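Written below as structure tokens is the structure these notes are about.
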Amino acid sequence: NSKVIQTPRYLVKGQGQKAKMRCIPEKGHPVVFWYQQNKNNEFKFLINFQNQEVLQQIDMTEKRFSAECPSNSPCSLEIQSSEAGDSALYLCASRGGNTGQLYFGEGSKLTVL
Amino acid sequence: GDSVTQKEGLVTLTEGLPVMLNCTYQTIYSNAFLFWYVHYLNESPRLLLKSSTDNKRTEHQGFHATLHKSSSSFHLQKSSAQLSDSALYYCALSGNNRIFFGDGTQLVVKP
């Protein structure tokens with residue numbers, strides 16, 4: 001069973017508000033991914049970290065999102081100014097080993113009113 | 001670049017019938033891993049199957065898939081669908097520190 005912990009499970013924000021989500025990856029997993037699962041159930045890659053360093057991120061993440069994965073603290077993903085289109089399930093996943101298998105958290109469901 | 005294609009967005013079938021969900025991919029990595037993840041409502045997605053070995057069948061929980069590098073395919077199959085198999089199924093590919101997901105196939109199994 002996955003031990004990736006995501007909080008909060010649900011959050012509701014108004015447009016323009018900040019929205020912050022946290023993720024504790026599985027112990028010993030150095031790589032952390034954030035995905036957005038949209039209303040069409042498609043997984044959209046946002047950003048990934050190896051240890052505390054950003055490996056890759058998409059343009060949207062670079063401009064409106066801030067994310068970090070400090071040592072000894074939860075990883076976080078924050079939307080600086082929420083938009084209606086940001087309403088989605090945000091999934092955190094961690095990866096250890098060589099196969100690339102991901103272990104997912106249960107997600108944080110964001111609703112932007 | 002790397003990509004995964006799941007051509008069926010929705011598959012609806014009757015309990016007891018065989019299941020086949022299609023997955024094809026593109027990658028430059030000869031040792032890429034292919035995965036099937038299953039996502040039940042209100043749960044986290046979890047791994048169902050994985051493989052990097054050409055022409056070797058991998059099985060788990062009644063599902064099976066065989067990676068065919070010659071056709072770049074990793075179709076998910078089950079001989080007899082159960083109601084509890086209703087879920088979203090994602091095919092995924094690992095490479096270059098990224099995991100590339102298909103758009104997912106919603107499987108609906110009816111009595």
Side-chain angles (χ1 to χ4, degrees), chain A residues 1-10 21-26 29-58 61 69 88-109, chain B residues 1-11 21 23 25 27 29-53 56 58 60-61 65 67 74 86-108:
Chain A
N1 289 333
S2 174
K3 292 181 174 60
V4 176
I5 310 295
Q6 284 190 252
T7 56
R9 288 295 307 276
Y10 303 94
M21 294 155 271
R22 291 178 177 82
C23 170
I24 301 175
E26 188 136 353
H29 283 189
V31 185
V32 175
F33 295 76
W34 284 99
Y35 287 92
Q36 180 195 66
Q37 188 185 38
N38 63 22
K39 60 182 180 180
N40 295 321
N41 293 315
E42 296 159 351
F43 275 53
K44 181 178 182 179
F45 169 80
L46 296 176
I47 190 169
N48 60 354
F49 293 84
Q50 180 152 349
N51 298 316
Q52 292 82 50
E53 301 297 322
V54 174
L55 285 175
Q56 293 150 326
Q57 60 184 323
I58 62 172
T61 313
C69 242
L89 181 69
Y90 290 83
L91 288 162
C92 175
S94 68
R95 187 183 79 192
N98 299 322
T99 66
Q101 178 184 341
L102 293 181
Y103 295 82
F104 285 90
E106 292 184 323
S108 293
K109 185 167 184 180
Chain B
D2 300 283
S3 66
V4 176
T5 301
Q6 292 179 249
K7 61 181 184 181
E8 307 117 342
L10 172 66
V11 171
L21 306 184
C23 172
Y25 64 91
T27 183
Y29 299 99
S30 58
N31 294 325
F33 270 84
L34 271 294
F35 307 86
W36 276 100
Y37 286 89
V38 58
H39 192 187
Y40 293 97
L41 191 64
N42 297 322
E43 294 183 13
S44 50
R46 60 178 175 82
L47 182 69
L48 184 58
L49 293 170
K50 66 180 179 186
S51 181
S52 65
T53 306
K56 183 180 177 183
T58 182
H60 185 62
Q61 294 185 335
L67 178 59
F74 191 56
S86 295
L88 271 164
Y89 292 81
Y90 292 93
C91 184
L93 162 77
S94 72
N96 193 27
N97 273 321
R98 289 274 300 271
I99 310 290
F100 300 89
F101 285 88
D103 289 340
T105 299
Q106 177 81 52
L107 176 63
V108 176

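Below, chain A is the first sequence line, B the second, and so on; all start at residue 1. Remember, predicted model here, so these are calculated numbers, not experimental data.
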B:Y90 versus A:Q37: any side-chain heavy-atom pair under 4.5 Å? yes
If you compare all heavy atoms of A:Y35 against all heavy atoms of B:I99, which two are closest, and at what distance to 0.1 Å? OH-O, 3.0 Å
As an exercise, state the distance from CG of A:L102 to NZ of B:K50, rounded to the nearest 0.5 Å. 11.0 Å
Distance col, row A:F104:CZ vs B:H39:NE2, nearest 0.5 angstrom, shows 8.5 Å
Does either side chain, that of B:Y37 or that of A:Q101, offer a donor lying less than 3.5 Å from an acceptor on the other one? no
Kindly give the heavy-atom pair with the smallest separation between A:G105 and B:S44, and that separation in Å. O-CB, 2.8 Å
